[in-house]
Student: 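Take this structure, written in structure tokens, and hold onto it; I'll ask about it next.
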Amino acid sequence: MKKAYEMWTDFENMTQNKFLWKTGMLLVDKGDGRNVKPVKDKLDELGYPNTTYSSEDLRKHFPTINFKDHIGLFDHDGGVLDVHNIFKSLLLLIDKLGGKIQTGVKVQNICPGTEVTLTTNRGKYRAKKVVLTTGPWTADITKSLELSLPLRVKAATVWFWKEKKFGSYSLDTGFPVFADYNIESWNDFIYAVPCYEYPNMLKLHMHHTIEHSIHPDYRDAQVGEAVAKITKKLTAYVREHFPYLEEEPSIVQRCMTTMTPDYDFILDKHPMWDNIVIGAGFSGHGFKLSPLIGKLLANMVLEKPITIDMKPFKISRFQKATWKFSKL
Ligand SMILES: Cc1cc2nc3c(=O)[nH]c(=O)nc-3n(C[C@H](O)[C@H](O)[C@H](O)COP(=O)(O)OP(=O)(O)OC[C@H]3O[C@@H](n4cnc5c(N)ncnc54)[C@H](O)[C@@H]3O)c2cc1C
């Protein structure tokens, strides 16, 4: 994360834009705070500034959230990335640097070899090297390369809740990223991102909101019952803790996460064809690290040295993989 932060700043400077708002991140828990303790220990170990809050401190510092017997941990370096502007600026930069962006081109088959042939809906492409970053479709594509990856694609849902009182939870007024780690009550952790994506709407949802494994071509199939159940839980949560939000969500959006058994990424070369590099399985936490991930994949394909330990990201670790979280 330290390296990724530096790279986000470089990207901001390069494009004369602002993408990262360091709002801080507030984690809350009940009782002795055992669920936030590992986070505090990690922040302390890495030297990231953080503050612990009592219930009384929480009420004082965050008057728009209702806390009763909670304690809090504030990670001063947490923040929000402006994803839409990042993509816009990235596309412009690629174009400016002479890269070629082709949209609507679907790779239908990959034929490996010293030269790789990609068959697409718009003809054939040949390349000496290929980097595959096909997200939820990766397991499908790698099957044609005789590689079976233990990836599970999960349907996920996000909810946006409108402010009743303008500015109560917004980025502009300094509301932080929020997570309730009181997992025992909700069987998941709940988190919120301050209003910015849609005006005056707080994104608040459950971290996993895991409904079922899906095929990415059928993301929205069989959603009704599971989403309704979680919406009901979240509505109760909003009513109890966020008094300045409307009690019903205004926008419900569908998306997907691609999970590996251990939640760590795949950043590796194909075991048989080392001119095919794979970046996949970002398990719901890949975006913040994307500048660094891009750099690592580029170094792999250009045969440049890599100074960080890549063992946790190797495909070979799955030979004895068991799924870390039974829910997945
Ligand atoms: C609700 C939600 C919240 C999240 N929150 C966070 C967060 O707070 N922090 C964080 O760091 N990350 C977060 N993530 C995770 C992050 O968004 C992902 O890790 C990241 O976007 C994965 O990027 P990717 O490039 O692997 O896949 P994608 O972004 O899915 O890109 C894959 C691309 O490959 C293309 N493709 C697929 N198949 C083919 C084909 N055959 N031919 C041509 N193109 C193809 C697709 O069209 C797509 O453009 C979240 C994800 C979700 C769903």
Side-chain angles (χ1 to χ4, degrees), residues 1 4-5 7-8 19-21 23 25 27 75 77-84 86-87 90-91 94 101-110 116 118-125 127 130-145 149 151-160 176-179 188-194 196-197 203-211 214-217 219-220 227 230 234 251-260 263-268 277-294 296-297 313:
M1 223 26 248
Y5 268 138
M7 294 179 80
W8 282 119
F19 302 124
L20 172 63
W21 277 267
T23 55
M25 174 156 181
L27 293 96
D75 165 7
D77 272 322
V80 180
L81 283 162
D82 184 348
V83 175
H84 299 292
I86 288 168
F87 274 111
L90 186 63
L91 294 179
I94 290 171
I101 298 153
Q102 304 214 340
T103 57
V105 180
K106 183 171 181 181
V107 176
Q108 292 156 331
N109 186 50
I110 304 179
V116 186
L118 306 176
T119 306
T120 79
N121 57 336
R122 302 245 182 106
K124 288 195 181 199
Y125 292 70
V130 167
V131 182
L132 273 184
T133 54
T134 39
W137 287 269
T138 305
D140 270 9
I141 297 230
T142 52
K143 257 185 227 153
S144 70
L145 294 167
L149 293 173
L151 294 170
R152 287 188 190 168
V153 179
K154 293 286 174 179
T157 308
V158 290
W159 288 258
F160 291 85
V177 179
F178 168 85
D188 199 346
F189 76 80
I190 289 176
Y191 79 101
V193 180
Y196 96 102
E197 208 167 335
K203 181 157 94 175
L204 182 141
H205 52 123
M206 290 192 177
H207 182 55
H208 295 305
T209 55
I210 281 167
E211 293 136 30
I214 48 154
H215 186 278
D217 288 345
R219 189 192 65 179
D220 298 341
V227 173
I230 305 168
L234 285 173
I251 299 175
V252 180
Q253 272 181 352
R254 304 287 300 157
C255 52
M256 301 182 270
T257 49
T258 313
M259 317 302 291
T260 63
Y263 248 50
D264 279 329
F265 312 154
I266 294 172
L267 302 170
D268 201 1
V277 171
I278 301 165
F282 293 106
S283 305
H285 61 116
F287 196 85
K288 59 179 105 25
L289 291 156
S290 50
L292 180 60
I293 291 168
L296 292 169
L297 294 173
F313 311 117

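Counting convention: from 1, in listed order, for ligands and their atoms alike. Since this is a predicted model, take the numbers as computed values, not measurements.
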Student: Provide the number and element of each atom of ligand 1 under 4.0 Å from a heavy atom of Met256.
Tutor: 53 (C)
Student: Among all protein heavy atoms in this structure, tell me which lies nearest to atom 27 (O) of ligand 1, with the distance rounded to 0.1 Å.
Tutor: Gly135 CA, 3.4 Å
Student: Write out the residue and atom name of the closest protein heavy atom to atom 33 (C) of ligand 1, then the distance separating them to 0.1 Å.
Tutor: Thr133 O, 3.8 Å
Student: Between the main-chain N or O of Thr119 and the side-chain N or O of Asn109, is there a donor-acceptor pair closer than 3.5 Å?
Tutor: no
Student: Name the closest protein heavy atom to atom 30 (O) of ligand 1, giving the residue it belongs to and the distance to 0.1 Å.
Tutor: Pro136 CD, 3.4 Å
Student: What is the nearest protein non-hydrogen atom to atom 6 (C) of ligand 1, stated with its residue, atom name and distance?
Tutor: Gly284 O, 3.6 Å
Student: Give the numbers and elements of all ligand 1 atoms closer than 4.0 Å to a heavy atom of Tyr191.
Tutor: 3 (C), 5 (N)
Student: What residue and heavy atom of the protein are closest to atom 21 (O) of ligand 1, and at what distance?
Tutor: Phe287 CD1, 4.4 Å
Student: Could you go through the side-chain contact (heavy atoms from CB on, under 4.5 Å) check for Tyr5 and Leu292 one step at a time?
Tutor: CA-CA 9 Å; Tyr5 268 138; Leu292 180 60; over 6 Å; no
Student: Return the closest protein heavy atom for atom 36 (N) of ligand 1 as residue, atom name and distance.
Tutor: Thr134 CG2, 3.9 Å
Student: Polar contacts were defined as any N/O atom of the residue lying under 3.5 Å from an N/O atom of the ligand; does this apply to Thr257 and ligand 1?
Tutor: no
Student: Run the numbers for me: atoms of ligand 1, each under 4.0 Å from some heavy atom of Cys255, listed by number.
Tutor: 1 (C), 53 (C)
Student: Contact between His205 and Ile230 at the side-chain level, heavy atoms closer than 4.5 Å - yes or no?
Tutor: no
Student: So is Ala280 close enough to ligand 1, meaning a heavy atom under 4.0 angstrom away?
Tutor: no
Student: Which ligand 1 atoms, with their elements, are less than 4.0 angstrom from a heavy-atom of Val158?
Tutor: 1 (C)
Student: Any side-chain heavy-atom pair from Trp137 and Val107 closer than 4.5 angstrom?
Tutor: no
Student: Assign the ring pair Phe265 / Phe313 to parallel, tilted or perpendicular, where the plane angle (0 to 90°) is split at 30° and 60°.
Tutor: parallel
Student: Is there a side-chain contact between Val153 and Ile214 (heavy atoms, below 4.5 Å)?
Tutor: yes
Student: Check whether any side-chain heavy atom of Thr258 lies under 4.5 Å from a side-chain heavy atom of Ser283, and answer yes or no.
Tutor: no
Student: N/O to N/O below 3.5 Å, does that happen between Val107 and ligand 1?
Tutor: yes
Student: Any non-hydrogen protein atom below 4.0 Å of atom 19 (O) of ligand 1?
Tutor: yes
Student: Among all protein heavy atoms, pick the one closest to atom 23 (O) of ligand 1 and tell me residue, atom and distance.
Tutor: Phe282 CD1, 4.3 Å
Student: So for Phe265, does at least one of its heavy atoms come nearer than 4.0 angstrom to any atom of ligand 1?
Tutor: no
Student: Does any N/O atom on Leu289 come nearer than 3.5 Å to any N/O atom on ligand 1?
Tutor: no
Student: Under 4.5 Å between any side-chain heavy atoms of His215 and Asp140, yes or no?
Tutor: yes
Student: Looking at atom 47 (O) of ligand 1, is any protein heavy atom nearer than 4.0 Å to it?
Tutor: no
Student: Suppose we measure from atom 43 (C) of ligand 1 to each protein heavy atom; which comes out shortest, and what is that distance?
Tutor: Val105 O, 3.3 Å
Student: Within a strict 4.5 Å, meaning less than it, do heavy atoms of the Thr260 and Leu151 side chains meet?
Tutor: yes
Student: Are any side-chain N or O atoms of Tyr191 and backbone N or O atoms of Leu27, one a donor and one an acceptor, separated by less than 3.5 Å?
Tutor: no
Student: Evaluate the side-chain proximity of Leu132 to Thr138: yes if any heavy-atom separation is below 4.5 Å, no if none is.
Tutor: no
Student: Got Ile190 and Met206 here, is their nearest side-chain heavy-atom distance under 4.5 Å?
Tutor: yes
